[in-house]
Amino acid sequence: MKPAFTDLIGNARLRDRLRDDICADRLGHAYILEGAAGSGKHSFALRIAAALACEHLSEDGYPLPCLECPACRKIMSGNSPDVITVGRSDKATMGVDVIREMHADVFVAPNELENKVYIIEDAQTMTVQAQNAFLLILEEPPAYVRFLLLSDGSAPLLETVRSRAQTFRLEPVPQDVLADRLTCTEPAARILRNANPSEFDELLMASGGSVGQAKALLDPKQRRAVLDEREAALTFAMLAASHRGSSPVLAFLGGFGQKREEAIARFSVMLSCVRDLVLLKQDENAPLCFFHDREDACALAYRFTSPELLRLTAGISEAMESLRRNANLRLTLTHFALRTGLLS
Ligand SMILES: [Zn+2]
């Protein structure tokens with residue numbers, strides 16, 4: 001079997017599956033690649049397009065795609081007229097106009113390659129009208145066309161679209177694999193791991209197993225912002241565990257700033273912290289998504305009862321929901337502190 005998508009990491013089953021389908025010439029017309037921002041959707045999509053066009057596709061001794069032949073190079077550099085990226089814009093939604101424009105192009109035969117690949121970015125932002133227009137193309141696409149819809153999964157696509165496409169979910173890359181890759185390819189990662197191993201571990205945890213996110217966090221400014229939020233979440237958990245009276249709690253609440261979106265983001269990190277503690281209460285070996293030091297986390301979880309942790313989880317979720325419904329920030333924070341027993 002050809003080694004497949006060798007420059008990507010993680011998602012081994014997906015890579016094998018795509019290799020088998022491409023080599024057997026049974027790739028479907030439409031795929032939905034679902035995964036968080038930075039999880040590698042675009043990298044996968046480009047490589048699928050390259051694999052379809054690779055001049056060494058049927059030769060042993062080359063990985064798929066080879067990334068060296070002229071076809072692969074042209075696609076990977078974004079210069080192939082037959083690999084078309086659709087929908088990359090600053091707009092919050094993708095309207096029917098974008099799909100109509102694509103519709104006209106779909107029926108023009110490929111320029112150079114046997115296939116024409118459309119990579120639809122942020123497919124979750126397609127309006128219902130746009131999805132219905134897309135459905136018209138999906139019902140009877142020309143044989144040479146492949147659609148790769150990239151979605152972060154935040155809004156589900158219409159069932160009618162999903163039923164005509166295969167969905168592949170990109171899994172987070174395991175931390176050790178991610179650490180190896182980063183230190184191999186990024187000098188900044190090597191420096192950080194040597195100078196501050198604990199901060200490097202924090203970065204891996206904060207990346208959520210996303211290569212793109214991990215690379216972004218190598219930038220000290222971005223990393224600082226994320227680490228500050230993680231620290232705030234940990235402060236909150238310590239406060240809740242220690243029942244230390246009102247003034248540290250008020251100081252913590254005062255640190256929330258004025259913006260609702262930022263408060264929601266802070267609550268969401270707090271939620272992932274508390275969720276880890278809930279899981280650890282059930283099973284000390286549970287997979288964690290916030291704590292990088294399991295021993296520390298277990299010690300902290302031990303200081304709570306399960307009902308206390310569930311009350312915190314419910315309080316955070318409720319506060320986030322209220323803020324999303326435009327509730328007053330200060331009132332929400334006060335209610336949150338009373339509801340969770342931080343303030344009595
Ligand atoms: Zn090639």
Side-chain angles (χ1 to χ4, degrees), residues 1-35 38-88 102 105-123 137 141-151 165-171 173 177-178 180-186 210-212 214-215:
M1 270 297 168
K2 268 172 167 307
F5 306 97
T6 47
D7 62 327
L8 298 180
I9 53 171
N11 293 290
R13 277 175 54 200
L14 173 57
R15 288 191 277 155
D16 288 351
R17 168 75 193 275
L18 286 168
R19 183 228 12 240
D20 295 349
D21 285 357
I22 292 169
C23 288
D25 194 19
R26 56 167 188 247
L27 200 70
H29 278 295
Y31 288 85
I32 299 168
L33 295 178
E34 212 169 77
S39 59
K41 300 184 291 289
H42 191 80
S43 303
F44 253 110
L46 267 187
R47 282 157 184 79
I48 293 170
L52 284 168
C54 180
E55 291 164 19
H56 299 300
L57 173 60
S58 51
E59 286 170 68
D60 288 336
Y62 290 94
L64 182 78
C66 79
L67 302 178
E68 284 173 3
C69 70
C72 278
R73 280 167 180 270
K74 203 163 182 178
I75 290 171
M76 294 306 294
S77 61
N79 291 318
S80 170
D82 297 321
V83 177
I84 300 122
T85 301
V86 177
R88 188 169 261 188
M102 181 174 83
D105 188 63
V106 161
F107 292 93
V108 179
N111 269 285
E112 300 171 347
L113 305 173
E114 277 180 32
N115 293 286
K116 217 167 169 182
V117 178
Y118 290 87
I119 300 174
I120 304 178
E121 302 271 0
D122 297 321
I137 316 178
Y144 51 77
V145 165
R146 301 282 181 276
F147 296 104
L148 303 173
L149 291 90
L150 316 187
S151 163
Q166 253 182 308
T167 299
F168 288 125
R169 172 113 202 123
L170 270 68
E171 301 296 339
V173 176
V177 179
L178 184 54
D180 285 349
R181 167 55 64 103
L182 280 183
T183 45
C184 264
T185 58
E186 310 291 322
S210 142
V211 182
K215 282 186 185 169

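Sequence positions, counted from 1, serve as the residue numbers for this chain. When a ligand or atom number is given, it counts from 1 through the structure's own listing order.
Lys41 is not listed as a side-chain neighbour of Leu148, based on a closest heavy-atom distance of 4.5 Å or more. No side-chain heavy atom of Lys116 sits under 4.5 Å from any side-chain heavy atom of Val106.
Applying the side chain to side chain contact (heavy atoms under 4.5 Å, CB included) criterion to Ser58, with sequence neighbours excluded, gives no partner residue.
Evaluation of the salt bridge (charged side-chain N to carboxylate O under 4.0 Å, His left out) test over residues 3-17, restricted to residues two or more places apart or in two chains, returns Asp7-Arg47, Asp16-Arg19, Arg17-Asp21.
In this pair, Phe44 and Phe5 present their aromatic rings tilted. The plane angle is within the 30 to 60° band.
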Counting only pairs under 3.5 Å, give me each side-chain donor-acceptor contact of residues 68-75, with atom names and distances, residues two or more places apart or in other chains.
| from | atom 1 | to | atom 2 | distance (Å) |
| --- | --- | --- | --- | --- |
| Arg73 | NE | Glu68 | O | 2.9 |
| Lys74 | NZ | Glu112 | OE1 | 3.3 |
| Lys74 | NZ | Glu112 | OE2 | 2.9 |

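Near-neighbour remark for the Zn ion (ligand 1): protein N, O or S atoms under 2.8 Å are Cys54 SG, Cys66 SG, Cys69 SG, Cys72 SG; waters not counted.
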